[in-house]
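Lettering of chains follows the sequences in order, A, B, ..., and the numbering in each one begins at 1.
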Amino acid sequence: MHPTDAHAPAGTTGRAGSANFIAEIIEEDLRTGRRQTVVTRFPPEPNGYLHIGHAKSIVLNFGLARTYGGRCHLRFDDTNPTTEDIEYVEAIKRDVQWLGYRWDGEFYASDYFEQLYDWAVQLIRAGKAYVDSQSEEEIRRTRGTVTEPGIPSPYRDRSVEENLDLFERMRAGEFPDGAHVLRARIDMASPNMKMRDPLMYRIRHAHHYRRGDDWCIYPMYDWAHGQSDAIEGITHSICTLEFENNRELYDWFLDTLGIEPRPYQYEFARLNLDYTVMSKRKLLQLVREGHVRGWDDPRMPTLAGLRRRGVTPEAIRTFCDMIGVAKANSRVDYAMLEYAIRDDLNTRAPRVLAVLDPLRVVLTNLPEDHEETLEAAYWPHDIPKEGTRPVPFGRTLYIDRADFQEHPPKGYKRLAPGRAVRLRHGYVITCDEVVRDADGRVTELRCSVDRATLGSNPDYKVWGVIHWVDAARAVPAEVRLYDRLFSVPDPDDVPEGRTFLDHLNPDSLTVAAGAVVEPSLAAARPGDRFQFERLGYFVVDEDSTGERLVFNRIVTLRDTWAKKREDGKRGDAPGPETNREASAERREATQAAGEAAPAGTSARRDPMADLTPAQRARATRYVDALGLDRHDAALLASDEALARLFEDAVEAYPHPRPVANWTIHELLGVLGGDRTAADLPFDGAAFGALVRLVDEGTITGPTGKQVLARMAEHGGDPRAIVEEQNLRQVDDDALLRPLVEAAVRAHPDKVAQYRDGKTGLLGFFVGQVMRQTAGKANPQRVRALVLAALAEA
RNA sequence: UGCCCUGUAGCUCAAUUGGCAGAGCACCUGACUCUGGAUCAGGGGGUUUCAGGUUCGAAUCCUGACAGGGCAGCCA
């Protein structure tokens, strides 16, 4: 899938574990046979250009398919004729290819309109969808709010025949836009707004860029997407976090249609990058309002922009692998992207000399007509590549103005009056005289060159190395220097009444119009990348003409000197100390907030406050008669099925405290939210028996959990399971001691660390033995034995 | 305010599913250097949001609080 194999599969890490939670799910699906293959898809809507956030999704989807030997489709989610265009389809295809991926099939949601229509009819016949004739306004109003349920439409109970007839006529074009919609018939009171009878079709008498005027009803995203996935045999449908609430609807459509096998949706956090915006709407606005030169402006986070900026697809892929895939909203440090870019370019961009802001240097001890050709290596010593080019050297040179300071600050390692520096690939020169114009501006430096310093150092101090270009044969060039488009890390974070545009960085583009480059660059072609030594990486822009070379700065070199100066200027630099203070402060602040609450209402509120009278009576009985803690009592009493199971368990094993503990801390854990105690394939008596086994020491706690997990799965009697599988606790020291000693012997390094005070290692050794006995060893005994063994060894 | 999701180093993520809290980036120091680059060696940085609980043992399980994000388009 990748042209180069240097790129590791999506998020491959050094460790044995999976790269990310989605890869983990896929591996599990493959391992259990739930799935035999992996089919993913990248589903852009052709209404804008792809940006680096999409790159994350592309790398993920294509990478997963590649890693697990599956396929990845490119599917255009083109269900909205009013915003989509063929221009975008082509741009998207170009960008995906440029990134280095080839799709296993090109698909369009608009090709599925017939099938989608048939399925909609199926839902209508099943009474699961209806034509609503309310106005847009009415529909919005009756949807309710996040805190109030919606109101059913008066058209909700139309007959199947009427719905069928209306829907058919909607398709036939009998109605104007907005006259009717088709809605799924689900639940207007659902706490999930997405489930309140969502729209499936709207009427739009609009020309579709692919289907022309074939249709005047168009499917909504939720209706089209999952079914498109199903049609293509997608196994894992990966999207971003804002679709989490849509998953319930995704599932509902597929399940009520009865499509099998069906795809499943998983969500990950979209990429946010410091100092830029990532929404298509905002990028479009930047282009339309002329804040940038176009979709491919090198300051744009679009793939087209990054490409024109000179960033390589390899760097973007590396970056995407670096940032990982998770579910926490986050924003990535710009330095991470820069690192990926430099890391890639370091080994592929030849080094050349260029001067952005020329300052003339005359070498006074050379004859007027001096001409010489130096041989300069394209690559530094640590890059295993060969190649040199001739570099002319004469009496007059240009150096960068920034490389000379009349009053050099401490630590400055470049040219200054009386100081000597080396010209990269050339001689050492010493500054003898500074020439200025009437305004006092430095116009020229008069220096002397030491002809004995070509391959060797003189016996006087050389302060540094600077880049230069021979004036006589310099090639003029325009160099565009790009900086972050916005001046703050999160441009979307704006105060009332302002917009992200207020954060535009006015200096995001500066042009060095009078730059000069060495003559070897005269033949450079658009797309060629170079490192201008000491300045950064640059690419020849397509604006270059035969007369005039134009370069874009891709990224600067890492510059520790500039960084130091920057910090110095800020005075008290925010070192690690202040960072620590800041986080400590934040911690205290939240803590204070947390502590302030109980004084008011919530935290110190009586745990029984929310219970019904009947529940409260039960909870009180648990406290009074069984001696339970109020919190525990309230928790048990609040759930009918749980309370019944608990009481039955206490009947079987009349020790309320441990039974309550196991009910709350272990049973609730295996139930995990959607199941209730009533769904369990075992009763309270069996559960009580299990608690007895643990409490009386027949089996260990960890074993108890294993048995519980098994019971939750298949039911059964705990005593029988224990006997069948021989799970009794092992607390015979004679059996345990050899295991403990073996564990200690096997890890002499850990023993040493333990001695040095790393006491957490005690758990490591206990864990070793516990694992070896599959959890059957008595942990207290093991612990004691480990302690003894460690003391001896 | 209802529902859903998420809180681990400055940033992005790991942690063999209850047993050593780690990596990359960033930062600092040193070495090397004809790029203030690269490379190499080392270093600092953590109350795993907080408070309780269960457990021999909790980042991981339970309860509660707090913080951030998402959902009320005939957009996707």
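Rounded to a whole Å, the OH atom of A:Y339 is 9 Å from the P atom of B:G24. The distance from atom NZ of A:K750 to atom C1' of B:C20 is 5 Å, rounded to the nearest whole Å. In this entry the distance linking CE of A:M770 with C1' of B:U55 reads 11 Å, nearest Å. Residue A:I151 contributes atom CD1, which lies 13 Å from atom C1' of B:A72 at whole-angstrom precision. Atom NE2 in A:H665 sits about 10 Å away from atom C1' in B:U55, given to the nearest Å. Computed from coordinates, the A:I52 CD1 to B:U12 P distance equals 16 Å when rounded to whole Å. Across the protein-nucleic acid pair, A:L271 atom CG and B:C13 atom C1' stand 13 Å apart, rounded to whole Å. In this structure, CZ of A:F21 is placed 10 Å from P of B:G7, rounded to the nearest angstrom.
Atom name P, nucleotides B:G64 and B:G73: the rounded distance is 31 Å, in whole Å. Taking atom P in both B:A59 and B:U49, the straight-line distance is 10 Å, to the nearest Å. When the C1' atom is compared between B:C28 and B:G70, the two are found 40 Å apart, to the nearest whole Å. Only the C1' atoms considered, B:C4 is 23 Å distant from B:U8, to the nearest whole Å. For the C1' atom pair drawn from B:C27 and B:C11, the interatomic distance equals 12 Å after rounding to whole Å. For the C1' atom pair drawn from B:A9 and B:G52, the interatomic distance equals 26 Å after rounding to whole Å. When the P atom is used for both B:C5 and B:A38, the distance is 43 Å, rounded to whole Å. Spacing of C1' atoms, B:G44 relative to B:C3, comes out at 44 Å, to the nearest Å.
For B:U17, the O4'-C1' to base torsion is within 90° of 0; the nucleotide is therefore syn. In this structure, B:G22 shows a glycosidic angle more than 90 degrees from zero, which is the anti conformation.
Nucleotide B:G19 forms a pair with B:C56, judged by Watson-Crick or G-U wobble geometry with both contacts under 3.5 Å. B:A67: Watson-Crick or G-U partner is B:U6, with both key distances under 3.5 Å.
Of all nucleotides listed (B:C71, B:U35, B:G2), B:C71 comes nearest to the side chain of A:K194. Proximity note for A:K758 (side chain, C-beta onward) versus B:G36, B:C25, B:G22: the nearest is B:G22. The side chain of A:R414 has B:G36 as its nearest neighbour among B:G36, B:G2, B:U35. Side-chain atoms of A:M336 lie closest to B:C25 of the nucleotides B:A76, B:C25, B:U63. Taking every side-chain heavy atom of A:V465 into account, B:U35 is the closest of B:C74, B:A76, B:U35. Here the side chain of A:R424 is nearest to one of B:U35, B:C5, B:U63, namely B:U35. Between B:A38, B:A76, B:U63, one nucleotide has an atom nearer to the side chain of A:H631 than all others, and that is B:U63. Each of B:G10, B:C27, B:C56 was ranked by its minimum atom distance to the side chain of A:D333; first place goes to B:G10. Distances were taken from every side-chain heavy atom of A:M220 (C-beta onward) to each of B:G73, B:G57, B:U63; the shortest belongs to B:G73. In this structure, the nucleotide among B:U63, B:U6, B:U12 sitting nearest to the side chain of A:A328 is B:U6.
Summarising the geometry of A:S153 relative to A:D132, their closest heavy-atom pair is OG-OD1, 2.8 Å, with the distance given to 0.1 Å. For A:R342 against A:Y537, the heavy-atom pair with the smallest separation is O-OH, 4.1 Å.
Nucleic acid contact class of A:G760 (heavy atoms, under 4.0 Å, all strands): sugar-phosphate only. Using a 4.0 Å heavy-atom distance criterion, A:V462 is classed as making no nucleic acid contact. Across all strands shown, A:R143 has heavy atoms under 4.0 Å from sugar-phosphate atoms exclusively, and none from any base.
Salt bridge absent: A:D222 and A:K194 never bring a charged side-chain N and a carboxylate O closer than 4.0 Å. Look at A:E137 and A:R140 and you find a salt bridge, because one of the NZ, NE, NH1 or NH2 atoms lies within 4.0 Å of a carboxylate O, short of that distance. Remark: A:D400 does not engage A:R534 in a salt bridge, criterion side-chain N to carboxylate O under 4.0 Å.
A:F538 and A:F532 have parallel rings, their planes meeting at less than 30° on a 0 to 90° scale where 60° marks the start of perpendicular.
Ring stacking holds between A:W561 and B:G36, with the centres under 5.5 Å apart and the planes within 30 degrees of each other.
With hydrogens and angles left out, the side-chain atoms of A:H225 and A:R41 include a donor and acceptor closer than 3.5 Å.
Nearest-nucleotide positions on RNA chain B for A:N80 and A:F532 put A:F532 closer to the 5' end. Judged by closest nucleotide on RNA chain B, A:R247 is the one of A:G464 and A:R247 placed further toward the 5' end.
Side-chain to base pairing of A:K705 with B:G18: one donor and one acceptor N or O lie within less than 3.5 Å of each other. The base of B:U35 is paired with the side chain of A:Q531 by a donor and an acceptor separated by under 3.5 Å.
Look at A:T560 and you'll find a side-chain N or O under 4.0 angstrom from OP1 or OP2 of B:G37.
The side-chain contact (heavy atoms from CB on, under 4.5 Å) with A:F646 is formed by just one residue from the set A:V659, A:L667, A:D632; it is A:V659.
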